Number of protein chains: 2
Amino acid sequence: MTTTRERIIKASSALFMERGYSASGLKQISAASEAPIGSLYHFFPGGKEELAAETLRESGAAYQSLVEAIFDSAPDVVTGVRDCFEGAAATLRATDYADACPIATVALEVASSDDALRAVTAATFASWLDSCSARLERGGMEPSRARTLATVLIAALEGGFLLSRAAKDTTAMDEIGAVMVELTEAAVREAAVRARQR
Amino acid sequence: MTTTRERIIKASSALFMERGYSASGLKQISAASEAPIGSLYHFFPGGKEELAAETLRESGAAYQSLVEAIFDSAPDVVTGVRDCFEGAAATLRATDYADACPIATVALEVASSDDALRAVTAATFASWLDSCSARLERGGMEPSRARTLATVLIAALEGGFLLSRAAKDTTAMDEIGAVMVELTEAAVREAAVRARQR
DNA sequence: GTCTATAGCTTGATAGAC
DNA sequence: GTCTATCAAGCTATAGAC
């Protein structure tokens with residue numbers, strides 16, 4: 001059973017992903033979630049900004065869980081990276097390029113104009129970075145190397161979403177994913193050499 | 001001497017970069033450019049969408065020229081890549097994280113909701129890709145390899161803008177730039193080996 | 001070409017019945 | 001908690017004087 005609150009978050013997440021923060025009106029969110037405006041203000045007394053903050057937090061965490069599930073069901077980190085990029089490309093194609101990063105559009109919109117929401121996006125990206133970094137370390141990489149590679153992987157995924165959505169074509173995401181797989185392979189090899197020397 | 005039209009484009013470019021398309025009202029653009037609303041509709045009879053299309057085209061081309069100038073004044077492609085990422089990070093810090101990619105925010109906003117503007121962003125990214133790819137080929141890379149690396153470099157730069165603006169910290173851009181330099185070095189080495197074998 | 005006034009609509013937010 | 005009616009303010013766009 002889905003609560004009214006859940007429907008509101010889900011609807012605003014979908015709209016934020018598709019058109020961003022400013023273009024998503026509360027009336028549209030109300031209509032899409034089949035919840036009256038009053039309920040919206042009941043659950044989020046702080047209005048649009050509070051709703052957005054909560055949506056960013058929850059959809060960011062949900063996306064992290066999704067990617068972790070894909071990554072963790074792979075036999076090794078290289079396969080995990082490949083599966084994540086291939087999954088992102090497949091999802092783009094399957095949803096007519098609507099289903100991408102749940103927070104990137106809003107993050108760019110608010111970065112210079114709404115510091116409270118900017119901080120929420122920063123915290124979400126930091127959490128993704130920790131999660132990705134920890135998984136690369138499990139693959140044998142040194143912590144600082146894992147962190148740098150994780151930063152590159154997330155940036156590349158975001159850049160891939162941007163280029164592929166603009167082009168309505170996943171060629172960019174496909175090529176970026178292939179290079180990220182190579183990069184991860186090289187880091188794993190390097191880690192193995194280090195381990196042998198120890 | 002700057003024309004009214006130029007001032008309008010410049011003002012809307014700055015606002016689009018900072019807050020995106022939907023949050024930038026024509027009144028704000030009018031005020032920032034010190035041009036009355038009437039002039040706005042005189043130069044762009046198609047209204048906000050036409051102004052946005054022209055702004056994306058011109059600011060996208062200007063940014064391409066800027067990056068080309070940095071890249072072309074470097075002694076080799078590896079240094080060129082390094083200079084571009086370091087320049088992007090320095091500009092972010094110098095402008096309090098406002099001056100980043102002139103089209104990315106709008107590109108994400110309109111990707112699923114305004115096909116005319118989406119096509120303009122796609123064409124701009126395609127032009128950047130051609131420009132970057134041609135320069136990597138000059139460094140000796142095979143065309144298909146150059147194209148893939150160019151795609152990764154642009155995506156990484158965009159991802160770096162996103163993460164660094166959200167964090168108000170260029171650590172992400174710095175680390176991403178360093179990895180892109182390594183990646184370019186490897187591609188140059190590979191190209192040199194290929195050339196020797198020929 | 002420049003500028004002002006305003007129409008017509010949509011927005012975020014609130015009040016109050018139920 | 002749910003829902004509707006409504007407000008003030010903002011928006012894009014247009015008309016028309018100069």
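Order of the sequence lines fixes the chain letters, A, B, ..., with proteins taken first and strands second; residue numbering starts at 1 for each chain. This structure is a prediction, so every number in the text was calculated from the model and none was measured.
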Next on the checklist: Is there a side-chain contact between Thr4(B) and the phosphate of dG1(C), meaning an N or O under 4.0 Å from OP1 or OP2?
Outcome noted: no

Checklist entry - Under 4.0 Å between a side-chain N/O of Ser39(B) and OP1 or OP2 of dT2(C), yes or no? => result yes

Item to check | Donor-acceptor pair between Ser113(A) and Glu18(B) side chains, under 3.5 angstrom | outcome: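 Not at all, the side chains of Ser113(A) and Glu18(B) share no donor-acceptor pair under 3.5 Å.
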
Checklist entry - Cationic tip of Lys48(B) within the cone over Tyr21(B)'s six-membered ring, i.e. under 6.0 Å and within 45° of the normal? => result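 Yes, a cation-pi geometry.
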
Checklist entry - Separation of Phe44(A) atom CZ from dT14(C) atom P, in whole Å? => result 16 Å

Checklist entry - Over how many whole Å does the gap from His42(A) atom NE2 to dT14(C) atom P extend? => result 16 Å

Checklist entry - So does Glu34(A) have more than 12 non-hydrogen atoms from other groups sitting under 6.0 Å from CD? => result no

Next on the checklist: Tell me which residues in residues 108-121 of chain B lie within less than 4.0 Å of DNA chain C, going by non-hydrogen atoms.
Outcome noted: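 Here the set is empty: none.
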
Checklist entry - Mind checking whether Asp115(A) and Lys168(B) have side chains closer than 4.5 Å, heavy atoms only? => result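 Of all side-chain heavy-atom pairs linking Lys168(B) with Asp115(A), at least one is under 4.5 Å.
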
Checklist entry - Once each nucleotide of nucleotides 11-18 of chain D is scored for protein heavy atoms under 4.0 Å, what B/S/- sequence comes out, 5' to 3'? => result SBBB----

Checklist entry - Sequence neighbours excluded, which residues qualify as salt bridge (Lys or Arg N to Asp or Glu O under 4.0 Å) partners of Glu190(A)? => result Arg145(A)

Checklist entry - Do Glu142(A) and Arg147(A) meet the salt-bridge criterion of a basic N to acidic O distance under 4.0 Å? => result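 No, this pair does not count.
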
